[in-house]
Amino acid sequence: MCGRYVATRGLDDLAAEFEAGFEAGGTAGSAWRPDHNIAPTDAVPVVLTRHRSGDRDGPAVRQVRVARWGLVPSWAPDTRRAGKLINARAETVAELPAFRSAVRRRRCLVPADGWYEWAPRPDGPGRQPTYLTPLSGEVLAFAGLYELWGPDRLLTSSIITTAAAGQLVAVHHRMPLVLPRESWAAWLDPGRADATDLLVPDLGLVDRLELRPVGPAVGNVANDGPGLVERVRTPAEAAPTLF
DNA sequence: CCAGACGTTGTT
DNA sequence: GTCTGG
DNA sequence: CCAGACGTTGTT
DNA sequence: GTCTGG
């Protein structure tokens, strides 16, 4: 699944990477810093197609904005449960009340360097924190949804998940849905009401991910920094060979 | 017609 | 917002 | 997702 | 065990 991830590219780099603009300053383009330990309710960069804030009748343009991770439906009475809707299952997203309008009209991309899973250890207790990231170092784009809530138009987002595929089955039975570059434009096209056909995992992309064991520090959301994604030896690797 | 509900995912 | 229940 | 908290009563 | 906070 996807409950913790990494994004270190600056908003300007993301704008270039995704051929988007971004609104420096103001509510839509609030400051954002690289984060090696993004947790639910944190600020996250997203890419969406929308008229610029304050230009409601202007053309829809592709933009990088900073959202809060954890979708708040427009009809929610408050934002207290904001940390709950961090993921939406691809299998049900079109039907569920919390997501169905967003998947029709408010799709976004969620840029990431990679994400974490806590993988079962076949030969030991506990779980192994694992960082998943493209071998190429290319940016990932998770399929996402967004909502605008309340008079201040609070921007919140969610990441779509699907059944784990390929080598990722060893780590977890769910995974974020990573969209290949050729699908970005279609996913962001607000004129397209049904984009569910794009919610198919790209197996080549999945197999070009590195599964890197990392230390336990990532578990605590107070920790951050590049040290979190440094490779460690797993207990199995560190143990003397038995028999 | 109005009132009221409706949040999801993943885990063991 | 949209659907369900009454 | 993980880490860490989670005290009750009576009162306004 | 379950909920909250990050």
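Every heavy atom of this structure was used, including side-chain atoms; hydrogens, water molecules and symmetry mates were not. Letters go in sequence order (proteins before strands), and every chain restarts at 1. All of these numbers come straight from a predicted model, not from anything done at the bench.
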query: Considering only the C1' atoms, how many Å lie between B:dG4 and D:dT11, rounded to the nearest integer?
result: 33 Å
Identity of whatever pairs with C:dG6 - Watson-Crick or G-U, under 3.5 angstrom: B:dC1
field: Centroid distance under 5.5 Å and plane angle under 30°, A:Trp75 vs B:dC6
entry: yes
query: Expressed in angstrom and rounded to an integer, what is the separation of A:Leu71 atom CG from B:dT8 atom P?
result: 10 Å
message: Between D:dG7 and E:dG5, how many Å separate the two P atoms, rounded to a whole number?
response: 13 Å
- prompt: Would you say A:Thr161 reaches B:dG10's phosphate, i.e. side-chain N/O to OP1/OP2 under 4.0 Å?
  reply: yes
- request: Rounded to whole angstrom, note down the C1' distance from B:dC2 over to D:dT9.
  value: 41 Å
task: Name the pairing partner of D:dG7, where a pair is Watson-Crick or G-U wobble with both distances under 3.5 Å, or state none.
output: none
query: Between the main-chain N or O of A:Ala143 and the side-chain N or O of A:Arg107, is there a donor-acceptor pair closer than 3.5 Å?
result: no
field: Nearest to side-chain heavy atoms of A:Trp118, which nucleotide of B:dT9, E:dT4, D:dC2
entry: D:dC2
- prompt: Looking at the side chain of A:Arg4, which of C:dT2, B:dT9, E:dG6 is the nearest nucleotide?
  reply: E:dG6
message: Counting only side-chain nitrogens and oxygens, does A:Asn220 get under 4.0 Å of the OP1 or OP2 atom of D:dC1?
response: no
task: Establish, with yes or no, whether the OP1 or OP2 oxygen of E:dT4 is under 4.0 angstrom from a side-chain nitrogen or oxygen of A:Arg80.
output: no
task: Tell me, yes or no, whether the heavy-atom count around A:Glu182 atom CD, taken from other residues, nucleotides or ligands under 6.0 Å, exceeds 12.
output: yes
field: Gap in Å between the two P atoms, one belonging to B:dA3 and one to D:dT8, rounded
entry: 38 Å
task: Give one of base, sugar-phosphate or nothing for A:Val218, where a contact means two heavy atoms less than 4.0 Å apart.
output: nothing
message: Between A:Thr92 and B:dT9, is there a contact of a side-chain N or O with OP1 or OP2 at under 4.0 Å?
response: yes
